[in-house]
Amino acid sequence: MASAGVHADLAKRRRAVLPDWLSLYYDEPIEVERGRGRHVWDAEGNRYLDFFGGILTTMTAHALPEVTAAVSEQAGRILHSSTLYLNKPMIELAERVAELSGIDDPRVFFTTSGTEANDTALLLATGYRASNQVLALRNSYHGRSFSAMAITGNQGWSPTSLSPVQTSYVHGSRRLGTPLSGLPDAEFTAACVADLEDVLGQLHGNVACLIAEPVQGVGGFSTPPDGLFARFKEVLDRHGILWISDEVQTGWGRTGEHFWGWQAHDERGAPDIVTFAKGIGNGLSVGGVIARGEIMNSLTANSISTFGGSPVTAAGAVANLDYLVEHDLQGNARRVGAVLREPLDAAVGRIPIVADVRGKGLMLGIELVRPGSTEPAPELAALVLEETRRNGLLVGKGGLSGNVLRIAPPLSVTEDEAREAARILLAALESAARS
């Protein structure tokens with residue numbers, strides 16, 4: 001086991017060379033040094049159940065042999081060539097993604113991240129529609145680039161009001177703490193559709209697109225009622241407005257019931273554009289955009305991607321995606337997600353700081369408030385994170401006020417691991433409530 005003090009020394013070195021605004025968990029930060037399956041070990045030898053997966057990125061498992069072998073084999077041949085040359089792993093990955101997309105005449109463009117994928121989707125939509133007007137959801141998050149922050153409806157993650165696009169925000173997911181809190185699903189959906197119509201009535205000329213996460217990630221796994229985006233699409237179609245589904249966190253079966261998050265709304269009415277990243281690479285830097293051919297091919301300028309779809313990342317992603325499909329990890333997300341959620345649901349009303357448990361499959365959020373109120377309690381979320389880490393469990397947090405626990409393990413997680421995680425979580429919640 002490594003000697004104590006490794007983390008403190010590394011934290012000191014980090015402070016000297018990295019930005020102050022770079023987020024870091026825990027009062028005493030840890031280095032995740034290695035992993036296997038659903039477990040990771042830190043640099044001081046402590047073992048944890050990983051129920052955040054590097055921000056929903058370790059999709060199948062840590063150190064998955066099939067991915068490791070594919071990356072090693074490809075790295076032994078060539079690491080890089082760029083999109084100026086034919087690239088067999090990239091083409092194979094694009095074929096698999098296109099087949100699974102649910103989009104008519106799909107074309108696939110690879111990037112290195114979800115941020116870059118959303119940038120590309122905005123480029124396509126605004127160019128295709130000849131408009132810089134964009135609709136986004138309140139409480140949304142779409143990346144850290146200049147244009148992605150311009151469509152992020154969460155002030156904690158959007159540090160500037162400067163913008164290359166004109167963004168209008170509509171209701172669609174977040175309920176607690178809004179005027180729509182407490183509405184039944186049907187009434188909430190009707191109110192959101194009316195809000196969308198009202199916003200459109202105040203904009204000039206054509207609008208390029210609506211971009212939305214089927215389940216909001218950084219926004220604390222806020223989840224709209226099934227069917228809401230189908231109702232939105234009816235309105236959008238009347239105006240010729242494109243729908244971009246940001247599947248960076250919801251894609252690849254994580255919600256359990258569907259392969260893509262948008263399919264919970266209307267499998268017949270697919271988005272015009274889908275963006276993806278995170279899980280497909282299982283930690284490799286790969287993202288991308290799927291769009292109808294007429295939209296993807298509408299760019300009139302030359303373009304390349306130096307690193308997008310590189311031979312190594314594409315080879316690893318193909319192996320990862322094959323493993324996911326062959327082992328029905330979507331079905332596992334549905335089954336084990338239910339096992340994990342049952343004891344958490346029972347905490348609502350029993351543990352006074354737990355206001356809401358939400359999400360789908362292996363994408364669950366727990367919203368924390370101060371007892372006897374609906375006032376967000378980010379300090380309690382921070383306490384729970386510290387307590388779960390001390391007891392061998394890693395989870396995340398998010399939400400507009402940083403008061404929502406985010407739980408998203410690799411999709412191969414077992415029922416026993418889910419029960420162990422729930423036990424640790426509930427004990428931490430009860431401890432935080434007593435504090």
Side-chain angles (χ1 to χ4, degrees), residues 21 23-27 51-52 55 136-141 152-159 161 169-185 187-189 191-192 195 213 215-225 228 249 340-341 343-360 363-391 393-408 421-422 424-435:
W21 44 259
S23 298
L24 193 64
Y25 277 169
Y26 308 123
D27 291 339
F51 268 52
F52 200 38
I55 319 178
L137 296 190
R138 301 181 185 203
N139 196 47
S140 57
Y141 175 83
T152 288
N154 183 324
Q155 65 175 356
W157 293 91
S158 188
S161 62
Y169 293 100
V170 298
H171 285 289
S173 288
R174 182 170 169 262
R175 302 200 204 193
L176 199 65
T178 76
L180 306 183
S181 179
L183 290 180
D185 284 355
E187 292 181 24
F188 180 84
T189 297
C192 290
D195 177 59
E213 305 157 271
V215 176
Q216 292 184 324
V218 170
F221 294 170
S222 293
T223 308
L228 182 141
Q249 297 196 31
L340 175 61
R341 180 160 183 164
L344 302 180
D345 278 338
V348 180
R350 182 176 69 82
I351 302 177
I353 64 172
V354 178
D356 189 27
V357 174
R358 56 176 175 258
K360 296 184 175 189
M363 190 175 186
L364 301 178
I366 304 174
E367 183 152 0
L368 304 186
V369 295
R370 296 189 177 96
S373 75
T374 58
E375 188 180 352
E379 72 283 358
L380 295 181
L383 277 177
V384 172
L385 245 67
E386 295 287 353
E387 185 71 11
T388 53
R389 181 194 62 79
R390 279 193 293 270
N391 288 288
L393 176 68
L394 305 184
V395 297
K397 64 184 178 74
L400 192 62
S401 302
N403 64 315
V404 182
L405 303 174
R406 300 170 66 198
I407 305 153
I424 295 171
L425 261 170
L426 290 170
L429 289 166
E430 289 166 350
S431 175
R434 288 193 298 272
S435 74

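We number each residue from 1, following the sequence as shown. No experiment lies behind these values; they were computed from the predicted model shown.
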Contacts of Ala427 that satisfy side chain to side chain contact (heavy atoms under 4.5 Å, CB included) - sequence neighbours left out: none
Minimal non-hydrogen separation, Ala355 against Val348, with atom names: O-CG1, 4.1 Å
Distance, nearest 0.5 Å, that separates CZ of Arg389 from CD1 of Ile424: 12.5 Å
Under the side-chain hydrogen bond (donor to acceptor under 3.5 Å, both in side chains) test, residues paired with Gln216 that sit two or more places apart: Asn139
Minimum side-chain heavy-atom gap Lys360-Arg341 below 4.5 Å: no
Residues in ring pair (Phe, Tyr, Trp, His ring centres under 6.0 Å) contact with Tyr141, at least two apart in sequence or another chain: Trp157
Shortest non-hydrogen contact between Leu180 and Cys192, atoms and distance: CD1-SG, 4.0 Å
Separation of Ile353 CD1 from Leu380 CG (nearest 0.5 Å): 5.0 Å
Partners passing salt bridge (Lys or Arg N to Asp or Glu O under 4.0 Å) against Glu379 (at least two apart in sequence or in another chain): Arg370
Non-hydrogen atoms of Gly396 and Tyr25 that approach each other most closely: CA-OH, 3.3 Å
Side chain to side chain contact (heavy atoms under 4.5 Å, CB included) against Pro159, all qualifying residues, sequence neighbours excluded: Met149
Backbone of Gly399 reached by a side-chain donor or acceptor of Ser401 within 3.5 Å: no
Sequence-distant partners of Ile55, side chain to side chain contact (heavy atoms under 4.5 Å, CB included), two or more places apart: Phe52, Lys278, Arg406
Rounded distance (nearest 0.5 Å) linking atom CD of Glu387 with atom OG of Ser435: 9.5 Å
Criterion side-chain contact (heavy atoms from CB on, under 4.5 Å) on Val170 and Leu137, from CA distance to verdict: CA-CA 5 Å; Val170 298; Leu137 296 190; 3.6 Å; yes
Heavy-atom side-chain proximity of Leu394 to Thr388 below 4.5 angstrom: no
Qualifying residues under side-chain hydrogen bond (donor to acceptor under 3.5 Å, both in side chains), relative to Glu386, sequence neighbours excluded: none
Straight-line distance of Gln155 CD to Leu400 CG, nearest 0.5 Å: 6.5 Å
Beyond-backbone contact of Val354 with Leu344, side-chain heavy atoms, under 4.5 angstrom: no
Distance (rounded to the nearest 0.5 Å) between Ser222 OG and Leu176 CG: 9.0 Å
pair Phe188-Leu228: side-chain heavy atoms closer than 4.5 Å: yes
Short side-chain to backbone donor-acceptor contact, Tyr169 and Thr152, under 3.5 Å: yes
From Tyr26 atom OH to Leu385 atom CG, the distance as rounded to the nearest 0.5 Å: 5.0 Å
Contact list for residues 173-182, test side chain to side chain donor-acceptor pair (under 3.5 Å), sequence neighbours left out: Arg175-Asp185
Under the side chain to side chain contact (heavy atoms under 4.5 Å, CB included) test, residues paired with Ala381 that sit two or more places apart: Leu368, Lys397, Leu405
side-chain hydrogen bond (donor to acceptor under 3.5 Å, both in side chains) involving Asp356 - partner list, sequence neighbours excluded: Arg358
Over all atoms of both residues, closest heavy-atom pair of Ala347 and Leu426: CB-CD2, 3.9 Å
Side chain proximity check, Leu393 to Phe51, heavy atoms < 4.5 angstrom: yes
